[in-house]
Amino acid sequence: MSKLESIGLTGIESFQYFVHDLDRSHRFYVDHLDFAEVGAGQGADTSRVFHAGDITVQCTAPSGEGEAQAYLAKHPDGIGRITFQVKDVEKTFRLIEERGGTPIDTVQRQGQNYAWFDITTPFGPTVFRFAQRGPGYTGFGPGVETFASPKGGRNKHGFKGIDHVTSNFLTMSPALLWMKHVMGLTQFWDVQFHTTDVSESTDKGSGLRSVVMTDPESGIKFANNEPWRPFFKQSQIYVFCDDLRGDGVQHLALTVDDIIPTVRSLRGQGVGFMHTPGTYYDVLPQRIKDMGIGSIDEDVEVLRDLGILVDGEKAKSYLLQIFLKESAGLYGEKEAGPFFYEIIQRKGDEGFGAGNFRALFESIEREQQTEGRV
């Protein structure tokens, strides 16, 4: 098959997060993450829009029979829409429809400077929106009033943008084929493992397979996971899909320039992170040598104190990352959902190191065991 023509993605514009409690979302983004509130909308749904760096999140709660009510009638809190910026919305629409994609509507317009359309996806209830902004358009989009002056936070934690979007599926192949043949994405990376080595004496473990897809032109990356036998229903991927009541977006990775002060500051604000056991740091110096990184600039004891993970694949090229608790764990409420955020600093490594990938899922598995879900 010849290379598909690009659909013209230039970046991720925003995420729409359907929630039961909008005030709680405001406290989380403004008081804890130090995002600014930049807009609001009122109708069948009530929305507040939060922004830091190049990251925009629209949190939406039901106030009538709108999209939020329809989503939350079937699922806990979760990502219901991802909006992508495109170069030419009419061309994007034509290419997606020609390739068998399913638009929900034709291209819609807000005046002369903002046009968009939505499509269904294999990402459970998550809709994709493709939007084109005209010259000088500074608004958020339909249904939201953009404030003349942002309210609240100043991004003191240093968030920059979105590194990747991670989603979980009970069966991943249909989604991968859709990403390839409809979106024009290509495979970037893959891995499979169990958090517990499988043997005759082992009767449990969380197995998964993961494939990362990327848009060659924009660099947008989607990490995709499915459970892996044996112990299919013990896999934390299965548990996520069970908690969400379907496939969907598991987490978003937020980039920063210096993760140590970011995590220190967030912990000071009371933000909860997934636990990493001390044994991870006991063997980290040897792991750094085994991975071929050679050495890192950071003090391992500082990383241990903050719970930051390290991975990489070649000399002086590595990444640092940490994962916030799932929303349900943060708030002690199941309907808050299994979604969470990752924070990542890349120091030359552009991949998805398998060591940290495994560490993430071991952390999730521990959280699920603590909560009695596996």
Side-chain H-bond candidate by donor/acceptor type, [X] with [Y], under 3.5 Å:
X	Y	answer
Gln108	Asp105	no
Thr262	His157	no
Asn225	Ser210	yes

Identify whether the distance between the nearest side-chain nitrogen and carboxylate oxygen of Arg304 and Asp282 falls below 4.0 Å.
->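 Judged by the 4.0 Å cut-off on N to carboxylate O distance, Arg304 and Asp282 do form a salt bridge.
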So does Glu350 pair up with Lys221, basic N to acidic O under 4.0 Å?
->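 A salt bridge is absent here (no side-chain N lies under 4.0 Å from a carboxylate O).
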Centres of the [X] and [Y] rings: under 6.0 Å?
X	Y	result
Phe18	Tyr71	yes
Phe128	Phe84	yes
Phe169	Phe123	yes

Can a donor-acceptor pair be found, under 3.5 Å and without considering hydrogens, that links the side chain of [X] to the backbone of [Y]?
X	Y	answer
His75	Asp77	no
Arg48	Ser25	no
Thr46	Gln42	no
Ser167	Gln250	no
His32	Gln269	yes

May I ask you to decide if the ring planes of Phe339 and Tyr341 are parallel, tilted or perpendicular, using 30° and 60° as cut-offs?
->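 Judged by the thresholds at 30° and 60°, the geometry between Phe339 and Tyr341 is perpendicular.
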Tell me, please, whether Phe231 has Lys233 positioned over its six-membered ring: NZ or CZ under 6.0 Å from the ring centre and within 45 degrees of its axis?
->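 Negative - Lys233 is either too far from the ring of Phe231 or too far off its axis.
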Partner of Arg81 under side chain to side chain contact (heavy atoms under 4.5 Å, CB included), chosen from Val127, Thr126, Thr60 =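 Passing option: Val127.
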When Phe117 is tested against each of Ile104, Thr106, Val89, Val86 for side chain to side chain contact (heavy atoms under 4.5 Å, CB included), which residue passes?
->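 One option only clears the test, and that one is Val89.
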What salt bridge (Lys or Arg N to Asp or Glu O under 4.0 Å) pairs are there with at least one residue in residues 134-143, not counting sequence neighbours?
->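 Found none.
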Phe50 and its ring pair (Phe, Tyr, Trp, His ring centres under 6.0 Å) partner, picked from Tyr29, Phe35, Tyr17 =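 Going through Tyr29, Phe35, Tyr17 one by one, the ring pair (Phe, Tyr, Trp, His ring centres under 6.0 Å) with Phe50 is satisfied by Tyr29 alone.
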List the steps and the verdict of salt bridge (Lys or Arg N to Asp or Glu O under 4.0 Å) for Arg24 and Glu333.
-> CA-CA 12 Å; Arg24 182 170 64 193; Glu333 182 181 321; 3.1 Å; yes
Whether over 12 other heavy atoms sit under 6.0 Å from Lys347 NZ =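 Yes, NZ of Lys347 has more than 12 neighbouring heavy atoms, counting only those of other groups under 6.0 Å.
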